[in-house]
Amino acid sequence: MLAAMSTPALRSSPQATAVSRDRGDACPGTLRLHAADDGALARVRVPGGVLTVRQARVLADVAERLGDGDLHLTSRGNVQLRGLDDGCAGELAGLLDAAGLLPSRGHERVRNIVASPLSGLDGRGALDVRPWLTALDAALCASQAARALSGRFLFALDDGRGDVAGLGADVTVRATADGGARLGLGAAGEALQVSAEEAARAALLAAETFLEAARTSGAQVWRVDELALPEGELLDAVGRRLTAGGIRHERRGRETGRTDGPPPGVVGDGLSVHVPLGRLSARQWRELTHVAAGELRLTPWRGVVLPTPGTRADESLARLAATGLVTDPRSPWLRVGACVGRPGCAKSQADVRTDAAETLGAIAPHGLPLYWSGCERRCGHPRGDRVDVVAEPGGGYRLSTAVGGEEPRTTSMHDPARLAAALAEITS
């Protein structure tokens with residue numbers, strides 16, 4: 001039986017929590033690699049998840065030439081390269097620079113932008129956010145102040161459908177039905193209405209205002225919700241900064257966002273596929289580039305959207321499915337995620353990816369999604385309702401529900417033979 005347990009750390013609703021970091025930001029990039037158990041790790045920022053076909057093919061070549069041959073998608077639509085040699089940083093940077101993936105070395109870790117992946121493809125958003133994406137990335141790379149942002153600071157550009165607005169970004173810009181945009185900060189309940197034409201500049205000014213407020217407070221913080229300020233004070237400061245910059249604005253309420261991405265299959269003028277556990281072989285990656293028309297859009301839900309106007313959608317989906325990518329919206333893989341686990345991470349207590357694959361059939365068809373973590377850090381865990389499956393130091397797993405407004409249910413399972421049954425029960 002699953003017992004009730006109060007576990008505040010598992011609440012899925014965003015909560016502002018004052019934090020002061022006692023060390024520098026060690027978030028990896030492409031110029032500063034992270035030492036993992038399976039070799040060095042590089043995180044390539046891909047603003048909005050948008051890659052040209054040429055850039056995508058360069059990444060596949062780099063993964064095979066310098067790394068473990070795979071490409072790993074992150075929860076922010078970025079790409080990680082693993083198994084790198086410690087001495088390859090210079091060569092890696094040169095290859096990425098030549099492909100246009102390193103436009104500013106001083107900003108390479110702060111180009112964290114997620115954007116609605118179906119924007120402009122299915123006619124559902126209030127506007128196409130791709131011009132915002134181009135403008136914000138350019139402004140970010142031109143800002144000297146922005147170099148001080150943490151590698152964890154996140155921008156979200158939502159076309160009005162609410163998909164990336166629910167991802168807990170530090171600065172969220174959401175298109176509105178009246179042709180404007182609403183600028184929100186962290187988990188704050190209010191926002192500033194600005195014109196669509198000024199949306200990208202307003203987002204950058206909001207981030208620069210956060211940096212000023214953090215310096216004034218004297219606290220070393222990386223995210224908006226870590227800054228200990230009275231409610232509304234940071235938004236007021238952003239409003240003053242916008243006024244000084246000639247940007248008209250009005251204070252408004254914020255709409256809630258979702259936490260789900262596009263389902264696999266045909267999506268307007270494109271195709272959507274899901275990547276099991278976010279890991280792509282170079283073969284799978286190259287097959288995506290053959291199907292795509294001009295670009296790939298990596299999603300924060302470890303999927304890929306391919307703009308592919310044409311009439312051969314079913315044939316293309318069949319080609320992608322044959323490589324092991326998920327094209328069926330009923331697949332249980334859509335509700336399973338995991339950190340890298342063993343052997344890639346020294347802190348992990350288990351090979352969580354293998355265990356996740358072996359128990360895939362036990363998941364209730366319409367229940368809660370699962371996220372497997374090798375340790376209590378739960379690296380890469382999603383927002384929203386879920387079941388956390390966390391490996392325990394003595395062996396086995398602790399299963400806990402994280403559902404907004406409900407007390408968590410938890411159980412420890414040390415018998416591998418009973419793990420599947422416990423998963424079926426807790427996800428139903």
Side-chain angles (χ1 to χ4, degrees), residues 2 5-17 19 21 25-28 34 36-38 41 43 72-78 80 82 112 114 150-154 166-170 187 222-223 225-226 259-261 276-279 300-302 333-357 359 363 367-404 406-413 419 422-423 426-427:
L2 302 177
M5 180 181 76
S6 178
T7 312
L10 295 179
R11 289 194 300 258
S12 60
S13 58
Q15 303 289 334
T17 304
V19 173
R21 307 283 184 174
D25 178 15
C27 198
H34 169 72
D37 261 23
D38 56 351
L41 176 152
R43 185 172 298 156
H72 305 257
L73 305 187
T74 77
S75 59
R76 293 180 167 193
N78 293 320
Q80 289 189 162
R82 302 189 67 97
N112 292 305
V114 294
S150 158
R152 290 170 170 79
F153 194 94
L154 180 64
L167 296 181
D170 296 280
W222 298 338
R223 307 291 307 273
D225 287 340
E226 296 173 356
T259 56
D260 57 328
L277 304 181
R279 185 171 186 169
W301 302 276
R302 291 167 172 101
W333 274 124
L334 298 177
R335 297 174 39 245
V336 178
C339 70
V340 70
R342 288 180 182 171
C345 178
K347 295 183 181 295
S348 180
Q349 303 292 328
D351 182 354
V352 292
R353 294 189 170 208
T354 295
D355 291 342
T359 57
I363 303 172
L368 289 169
L370 294 173
Y371 192 78
W372 295 71
S373 300
C375 71
E376 291 290 347
R377 295 184 304 166
R378 299 182 178 88
C379 293
H381 72 76
R383 299 181 67 84
D385 297 346
R386 65 187 183 277
V387 173
D388 279 319
V389 186
V390 181
E392 296 193 301
Y397 288 93
R398 187 178 72 255
L399 285 58
S400 301
T401 59
V403 179
E406 296 183 9
E407 283 292 308
R409 295 177 296 151
T410 186
T411 187
S412 289
M413 184 55 56
L419 179 59
L423 289 172
I426 202 169
T427 57

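Everything numeric in this text was worked out from a predicted model, so none of it was measured.
Between the CE atom in M413 and the CD atom in E392 there is a gap of 10.5 Å [rounded to 0.5 Å]. One distance of note links CG of L399 with CH2 of W372; it measures 7.0 Å at 0.5 Å rounding. A distance of 6.0 Å separates CG in N78 from CG in N112, rounded to the nearest 0.5 Å. How far CH2 of W301 is from CG of L73: 13.0 Å, rounded to the nearest 0.5 Å. Here CG of L167 is found 7.5 Å from CZ of R383. Values are rounded to the nearest 0.5 Å. Of the inter-residue distances, the one linking H34 atom NE2 with C27 atom SG reads 10.0 Å to the nearest 0.5 angstrom.
Under the rule for a salt bridge (charged side-chain N to carboxylate O under 4.0 Å, His left out), D37 has no partner lying at least two apart in sequence or in another chain.
Nearest approach of S400 to T410, heavy atoms of both residues: OG-OG1, 3.0 Å. Minimum interatomic distance between Y371 and R378 (heavy atoms only, all atoms of both residues): CE2-O, 4.4 Å. Between G374 and A391, the shortest heavy-atom distance links the atoms O-CB, 3.6 Å. Considering every non-hydrogen atom in both W222 and D25, the closest pair reads CZ2-CA, 3.4 Å. Across all non-hydrogen atoms, the minimal contact from R353 to A338 is NH2-O, 3.8 Å. Taking each heavy atom of V336 and L277 in turn, the nearest pair found is O-CD2, 4.0 Å.
At distances below 3.5 Å, not a single donor-acceptor pair connects side-chain atoms of D351 with backbone N or O atoms of G341. No donor-acceptor distance shorter than 3.5 angstrom exists from the side chain of R335 to the backbone of L370, with no hydrogens or angles considered. Put simply, the side chain of R302 never gets that close to the backbone of P276: no donor and acceptor are under 3.5 Å apart. A donor-acceptor distance shorter than 3.5 angstrom exists from the side chain of S348 to the backbone of A350, with no hydrogens or angles considered. T401 places a side-chain N or O within 3.5 Å of a backbone atom of R409 that can act as its donor or acceptor partner. Checked by atom type and distance alone, the side chain of D225 pairs as donor or acceptor with a backbone atom of A187 at under 3.5 Å. In this structure, the side chain of R279 does not engage the main chain of V340 through any donor-acceptor pair within 3.5 Å.
Annotation: side chain of C339 is in contact with side chain of V352 (closest heavy-atom distance under 4.5 Å). Side-chain contact between L41 and H72 is absent, with no heavy atoms from C-beta onward closer than 4.5 Å. Using a 4.5 Å heavy-atom cutoff, the side chains of D388 and R398 are not in contact.
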How far apart are the C-alpha atoms of E226 and S150, what are their side-chain angles, what is the distance that settles it, and do they pass the side-chain contact (heavy atoms from CB on, under 4.5 Å) test? CA-CA 12 Å; E226 296 173 356; S150 158; over 6 Å; no

